[in-house]
Trainee: 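What follows is a single structure, and I will ask about it in a moment.
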Amino acid sequence: MQNIYRFCDRTALRVAPELIGASLKVQGVGGIIVETEAYAPDDPASHSFNGSTPRNAAMFGPPGHVYIYRSYGIHWCFNIVCAVGHAVLVRAIEPRWGTDAMRVRRGRSDIRQLCSGPGKLCQALDIDKTLDGKPLGEEPFELVPADENVAVISDRRVGITKAADYPWRFGLAGSAVLSKPFARR
DNA sequence: AGGCTGATTTTCT
DNA sequence: GAAAATCAGCCTG
């Protein structure tokens with residue numbers, strides 16, 4: 001898709017719910033995005049809150065590129081860069097393409113354990129620092145936004161202490177592969 | 001079902 | 001030196 005730049009060039013709060021239902025692939029391996037979180041420049045929980053650093057430079061780069069960082073020293077987390085200082089953390093995917101490769105990389109067979117968390121999906125899709133800052137519109141990525149309206153629910157974000165009350169986590173209603181359950185809305 | 005812990009990089013104090 | 005956008009393994013009840 002060629003409008004990825006325009007699709008992403010908005011606040012994370014607008015882009016995050018619209019990414020639910022989109023398909024994401026890396027080297028042909030991927031699935032349907034079922035859980036995202038929004039992060040903004042004026043958001044104390046965002047890596048961009050205190051300005052640009054070597055790690056978060058991609059968040060200040062062009063929209064439609066990816067921001068990848070190491071979490072807790074061991075996992076990778078995958079974000080889609082939106083307007084300057086805005087990014088959407090992709091937290092869970094419903095595995096659909098290349099599930100055998102995912103099972104090997106994850107060392108697990110249960111479909112629910114392949115991509116149901118930000119660190120898990122990076123391992124399943126073989127995402128690491130070497131892809132940081134790359135454009136989503138080119139190899140090895142493929143992003144196709146949802147073409148139908150999907151039922152999106154929201155709740156508080158996970159694993160943060162600052163601004164933890166913002167309802168900036170979005171999920172596909174009824175999905176069996178969310179990283180954590182959502183409160184009913 | 002729920003809580004604690006270790007693994008370990010990047011950033012900030 | 002501590003905290004962090006996490007996960008798996010092991011514990012308790």
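Fair warning: this is a prediction, and the values are worked out from it, not measured in the lab. All values below were derived from every heavy atom in this structure, side-chain atoms included, with hydrogens, water molecules and symmetry-related copies excluded. Quick note on labels: first sequence line is chain A, next is B, and so on, each numbered from 1.
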Trainee: Calculate the interatomic distance between A:Lys180 atom NZ and C:dA8 atom C1'; express it in whole Å.
Mentor: 15 Å
Trainee: The side chain of A:Pro54 lies closest to which of these nucleotides: C:dA5, C:dC7, B:dT11?
Mentor: B:dT11
Trainee: Tell me if a side-chain donor or acceptor on A:His75 pairs with a main-chain N or O of A:Gly119 at a distance below 3.5 Å.
Mentor: no
Trainee: Which part of the nucleic acid, if any, lies within contact of A:Ser179, taking any heavy atom under 4.0 Å across all strands shown: a base, the sugar-phosphate backbone alone, or nothing?
Mentor: nothing
Trainee: Is a donor on one side and an acceptor on the other found under 3.5 Å between the side chain of A:Asn79 and the backbone of A:Val81?
Mentor: no
Trainee: Taking B:dG2 as the reference, what is the distance to C:dA5 when you measure between their C1' atoms (whole Å, please)?
Mentor: 22 Å
Trainee: Find the distance A:Lys129:NZ to B:dT9:P and express it as a whole number of Å.
Mentor: 13 Å
Trainee: OP1 or OP2 of C:dC7 versus the side-chain N and O atoms of A:Arg108: is any pair under 4.0 Å?
Mentor: no
Trainee: What is the distance, rounded to the nearest whole Å, between atom CZ of A:Phe49 and atom C1' of B:dT11?
Mentor: 15 Å
Trainee: So if I take every side-chain heavy atom of A:Arg55 and compare against C:dA8, C:dA5, B:dT11, which nucleotide ends up nearest?
Mentor: B:dT11
Trainee: Rounded to whole Å, please give me the gap between CD1 in A:Ile160 and P in C:dA5.
Mentor: 7 Å
Trainee: Let me know, please, whether A:Arg70 or A:Asn50 comes out on the 5' side of the other along DNA chain B by nearest nucleotide.
Mentor: A:Arg70
Trainee: NE2 of A:His75 versus C1' of C:dA8: gap in Å, rounded?
Mentor: 8 Å
Trainee: Are A:Val90 and A:Ile32 in one and the same hydrophobic cluster, where Ile, Leu, Val, Met, Phe, Trp and Tyr link if side-chain heavy atoms are under 4.5 Å apart?
Mentor: no
Trainee: Of A:Leu136, A:Ile80, A:Val144, which is the lone residue that meets side-chain contact (heavy atoms from CB on, under 4.5 Å) with A:Leu24?
Mentor: A:Leu136
Trainee: Between A:Leu121 (CG) and C:dT6 (P), how many Å, whole number?
Mentor: 12 Å
Trainee: Which whole-number value in Å describes the distance from A:Leu89 CG to C:dT6 P?
Mentor: 7 Å
Trainee: Can you tell me if A:Tyr69 is stacked onto the base of C:dA5, using a 5.5 Å centroid cut-off and an angle below 30°?
Mentor: no
Trainee: So, does A:Arg169 use its side chain to make a donor-acceptor pair with the main chain of A:Ile153 at under 3.5 Å?
Mentor: no
Trainee: Would you mind classifying the nucleic acid contact of A:Gly73 as base, sugar-phosphate or nothing, using non-hydrogen atoms under 4.0 angstrom?
Mentor: base
Trainee: Which listed nucleotide (B:dT10, C:dA8, C:dA5) is nearest to the side chain of A:Ser46?
Mentor: C:dA5
Trainee: Determine whether more than 12 heavy atoms belonging to other residues, nucleotides or ligands lie under 6.0 Å from atom CZ of A:Arg10.
Mentor: yes
Trainee: What is the base-pairing partner of C:dT6, counting Watson-Crick and G-U wobble geometry with both distances under 3.5 Å?
Mentor: B:dA7
Trainee: Has the side chain of A:Tyr72 got a donor or acceptor atom sitting under 3.5 Å from an opposite partner on the base of C:dA5?
Mentor: no
Trainee: Between P on C:dA3 and NZ on A:Lys162, what's the gap in Å once rounded to a whole number?
Mentor: 11 Å
Trainee: Could you tell me whether the phosphate oxygens of B:dT11, OP1 or OP2, come under 4.0 Å of any side-chain nitrogen or oxygen in A:His47?
Mentor: no
Trainee: Please tell me which of the listed nucleotides, C:dC7, B:dT10, C:dA5, lies nearest to the side chain of A:Lys120?
Mentor: C:dC7
Trainee: Provide the Watson-Crick or G-U wobble partner of B:dA1, both distances under 3.5 Å; none if there is no partner.
Mentor: C:dT12
Trainee: Of the nucleotides B:dC12, C:dA8, C:dA5, which has the atom closest to the A:Thr53 side chain?
Mentor: B:dC12
